[in-house]
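Each remark here refers to the structure printed beneath this line.
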Amino acid sequence: MPVWKLEDGLRLGKILKPNGYLGFVKVAFFMTDLEEVLEPGAFIFIEWMEKPVPYQIEEIIWDDDKTARIKLADVSSEDDAKLITGREVLISEANIPEEILDQADDSDLIGFKVIDTDKVVLGVVSGLDESGMQSLLEVTRDGKEFLIPVHEDLIKKIDARKRVITVDLPQGLIDL
C-alpha cells in the first residue's frame, strides 16, 4: 500500500457511533453511489494524531445511499468502535470514479471551512438557505451566524477534497 498524507485523501464521511457489540460502526457519508467503491476488502483511512491510518473493510451493510454499518478489521468490540467514533473517514481520491466526485450537491457543503483569499478562516458552513431568489451559505463563527450569497463573484474556489471554500467578500459583509 503506498504511503500518502491526509491532504492526499478525500473526506468521505464521519463515524457516528458504535453499532452493536461486535465492532460495527455507523458511518454517514458526504456523497452517494459509493457501494462499488466501499466493499469488503477495500481500505479506508481514519485520522489518528493527524495521520491517516488504514483500516480494511470486512463487512458493509448499506442502510441507505449515505449511511452504512461497517465492520473494520482490528475493530472487534464495542469498546474498539468507541475509540474511532467521531472521526472522519478518508479514501484515496484515485479510488473514486470521476462521476462520483462530480456529484457533490449543495448540502454537501455543510461542514466546509470558509476562508478568505488571504487564507484567514472566516467560519464553517452550517447550512444553505434557498428560500429566496438568491441562495445563501449560512456560516457560523464564534457562535454567530452570517450569510454569504452563492455567487461566482464571491465564491472563488470550492475544494471538495480539503473541504474548504475560498471567498472574496466585500468589506463589511460579515458584519451585517
Side-chain angles (χ1 to χ4, degrees), residues 1-63 66-98 100-101 103-104 107-127 137-144 157-167:
M1 174 169 298
V3 176
W4 58 277
K5 301 175 187 152
L6 282 176
E7 52 270 9
D8 296 332
L10 177 69
R11 296 186 187 283
L12 279 186
K14 188 169 188 169
I15 299 173
L16 300 177
K17 64 181 182 177
N19 188 265
Y21 61 90
L22 298 175
F24 278 82
V25 290
K26 182 127 182 163
V27 181
F29 294 100
F30 303 134
M31 54 185 65
T32 60
D33 301 323
L34 293 170
E35 292 88 349
E36 292 180 27
V37 177
L38 299 177
E39 54 189 17
F43 281 88
I44 60 171
F45 294 84
I46 297 173
E47 184 176 346
W48 281 95
M49 296 171 27
E50 299 182 20
K51 299 207 182 311
V53 177
Y55 285 83
Q56 188 173 27
I57 297 173
E58 288 184 352
E59 188 176 345
I60 184 164
I61 303 163
W62 289 94
D63 296 326
K66 282 194 169 184
T67 58
R69 291 169 281 153
I70 301 177
K71 172 68 176 84
L72 300 170
D74 300 322
V75 179
S76 56
S77 70
E78 186 177 6
D79 288 337
D80 291 345
K82 285 179 182 175
L83 291 174
I84 59 174
T85 295
R87 297 185 183 272
E88 288 197 337
V89 175
L90 301 99
I91 192 168
S92 172
E93 190 170 331
N95 293 344
I96 304 281
E98 197 64 38
I100 294 176
L101 288 175
Q103 70 160 297
S107 64
D108 291 335
L109 298 177
I110 295 172
F112 274 49
K113 189 182 329 179
V114 178
I115 63 172
D116 66 13
T117 53
D118 295 325
K119 301 205 185 305
V120 174
V121 177
L122 302 177
V124 175
V125 177
S126 56
L137 287 178
E138 299 169 354
V139 180
T140 303
R141 177 177 67 177
D142 299 328
K144 295 181 180 176
K157 181 179 179 187
I158 298 175
D159 188 332
R161 186 165 46 91
K162 293 181 180 178
R163 297 185 51 77
V164 172
I165 300 172
T166 304
V167 296

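If you're wondering where the values come from, they're calculated on a predicted model, not measured in any experiment.
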Is the backbone of [Y] close enough, under 3.5 Å, to the side chain of [X] for a donor and an acceptor to pair up by distance?
X: Asp116; Y: Asp118; answer: yes
X: Thr140; Y: Gly143; answer: no
X: Ser126; Y: Glu138; answer: yes
X: Glu88; Y: Gly13; answer: no
X: Arg87; Y: Leu16; answer: no

When rounded to the nearest 0.5 angstrom, what is the spacing between [atom1] in [X] and [atom2] in [Y]?
X: Lys14; Y: Ile46; atom1: NZ; atom2: CD1; answer: 13.0 Å
X: Phe24; Y: Arg69; atom1: CZ; atom2: CZ; answer: 7.5 Å
X: Lys71; Y: Glu58; atom1: NZ; atom2: CD; answer: 4.0 Å
X: Thr85; Y: Glu78; atom1: OG1; atom2: CD; answer: 9.0 Å
X: Ile44; Y: Ile70; atom1: CD1; atom2: CD1; answer: 5.0 Å
X: Ile57; Y: Leu38; atom1: CD1; atom2: CG; answer: 4.5 Å

Compare every heavy atom of [Y] with every heavy atom of [X], then report the nearest pair and how far apart it is.
X: Ala68; Y: Ile60; result: CB-CG1, 3.9 Å
X: Pro18; Y: Ala81; result: CB-CB, 3.8 Å
X: Pro54; Y: Pro52; result: CD-O, 3.9 Å
X: Ile110; Y: Arg163; result: O-NH2, 3.0 Å

Within the structure provided, determine whether [X] and [Y] are in side-chain contact (heavy-atom separation under 4.5 Å).
X: Val114; Y: Val121; value: no
X: Val120; Y: Ile115; value: no
X: Leu34; Y: Ile91; value: no
X: Lys113; Y: Leu122; value: no
X: Val139; Y: Arg141; value: no

Requested in this report: Could you please spell out the steps behind the side-chain contact (heavy atoms from CB on, under 4.5 Å) verdict for Val27 and Thr67?
Outcome: CA-CA 6 Å; Val27 181; Thr67 58; over 6 Å; no
Query raised in the report: Going through the distances and angles, do Val125 and Ile165 end up as a side-chain contact (heavy atoms from CB on, under 4.5 Å)?
Result: CA-CA 9 Å; Val125 177; Ile165 300 172; 3.8 Å; yes
Query raised in the report: Quick check, are the ring centers of Trp48 and Tyr55 under 6.0 angstrom apart?
Result: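 When the ring centroids of Trp48 and Tyr55 are compared, they turn out to be at least 6.0 Å apart.
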